[in-house]
Amino acid sequence: MQKRKQQDHAFLYTLPALVLTIAFFLIPLVYLITVSLFKWNGLGPMEFVGFGNYDYIFNHRNFHKAFRVTMTWLTSAMVLHIPFGLVLSLMLSRQPRGWKFLRVMYFIPNVISTTAVAFMWYFIYHADMGLLNALLRAVGLEQWTNTWLGNTRTALFCNQVPFILYVGLTCIIFLTQISTISPDLYEAAEMDGADGLRKDWFITLPLLKPAILTNVMLNGAFCLRAFEYPFLMTSGGPSNSTTNLALYIYREMMSANRYGVSMAAGLVTIVLGVILMSSVTLLQKERS
């Protein structure tokens, strides 16, 4: 009886979160799925087309390009962003001089508006009055100047460079996990003659798997919903080379007035997110 009362109380504590989830996620999700089955310009009558909108996006060249750009974002997060945050956390965990100040400095960009950061880098890359080209001219490398955001070979890379500023959050998550590792393990390793790199490889890294999976989930979510950088820095250009799924969804809805197509693309993005989160969850269960 007592256990039943505790369960009832636990349910009451979770009830507000459940109500918010239903109101702001499940109901909009059902609406999204419903509209994705209709041809609609946002004002006139809705015409049922079934899976016609999905057939459209899967055969639409711009959607394929947006999908590839989004996968490029995800790859850069997994291959560059997370490893860089890991290396940074390993360096700070040794507590060098000024490590607390550095920890704060690395995290500060995470509290700055993404829009402000995007505009800042837009003016850094600007072909005429940008800081990057000005520095190249100042050191006699004028032949290296470029229209960084107007070149299909450099625009996407330039879009992704500001993402590295948010490595502070990734680093803090790793540092938090490192702080839970017992010092006795390192002392035992030192007695066996292990140096710093060996301790990191055989002790720290294996015990950082939960933090690695958490960072994969958070950075993956950021890449799937990244919008400010391609929208403000390049408007998806040149030649749609920086248009990702988030910007593709926005264009189909706000510019082309194809609400059904936009909802279908949005549902595909959600499915990608579910696949990513499910993979992380399965890896966590396997580890347990």
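Taking the side chain as every heavy atom from C-beta outward, N244 and T72 never approach each other to under 4.5 Å. Counting heavy atoms from C-beta outward, I270 and L32 have side chains that approach closer than 4.5 Å. Between F222 and F163 there is a side-chain heavy-atom pair separated by less than 4.5 Å. Counting only heavy atoms from C-beta outward, the side chains of L175 and S93 approach each other to under 4.5 Å. Two residues are said to be in side-chain contact when any heavy atoms from C-beta on lie closer than 4.5 Å; R68 and H64 meet this criterion. V49 has its side chain out of reach of L37: every pair of non-hydrogen atoms, C-beta onward, lies at least 4.5 Å apart. Using a 4.5 Å cut-off on side-chain heavy atoms (C-beta onward), M46 and Y259 make no contact.
Counting heavy-atom neighbours within 6.0 Å of F24 CZ, excluding the residue itself, gives a total of 12 or less. Under a cut-off of 6.0 angstrom, the local environment of NZ in K65 is crowded, with over 12 non-hydrogen atoms contributed by other residues, nucleotides or ligands. Within a 6.0 Å radius of OH in Y166, more than 12 heavy atoms belonging to other residues, nucleotides or ligands are found.
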Which atom pairs, donor and acceptor, lie under 3.5 Å between side-chain atoms of residues 271-280 and protein residues at least two apart or in another chain?
residue: S278; atom: OG; partner: V274; partner atom: O; Å: 2.7
residue: S279; atom: OG; partner: I275; partner atom: O; Å: 2.8

Taking only distance into account, with no hydrogens and no angle test, what donor-acceptor pairs under 3.5 Å do side-chain atoms of residues 120-137 form with protein atoms, sequence neighbours excluded?
residue: H126; atom: ND1; partner: D128; partner atom: N; Å: 3.1
residue: H126; atom: ND1; partner: M129; partner atom: N; Å: 3.3
residue: N133; atom: OD1; partner: N146; partner atom: N; Å: 3.3
residue: N133; atom: OD1; partner: W148; partner atom: NE1; Å: 2.8
residue: N133; atom: ND2; partner: A127; partner atom: O; Å: 3.0
residue: N133; atom: ND2; partner: N146; partner atom: O; Å: 3.0

Could you list the donor-acceptor pairs under 3.5 angstrom formed by side chains in residues 261-268, with sequence neighbours left out?
residue: S262; atom: OG; partner: I249; partner atom: O; Å: 3.0

Review item, side-chain donor-acceptor pairs of residues 99-107, under 3.5 Å, at least two apart:
none

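Counting only residues at least two apart or on different chains, the salt bridge (charged side-chain N to carboxylate O under 4.0 Å, His left out) pairs with a member in residues 74-98 are R94-D200.
Legend: residues meeting side chain to side chain contact (heavy atoms under 4.5 Å, CB included) with T170, ordered by chain and number and at least two apart, are H81, F174, N215, N219.
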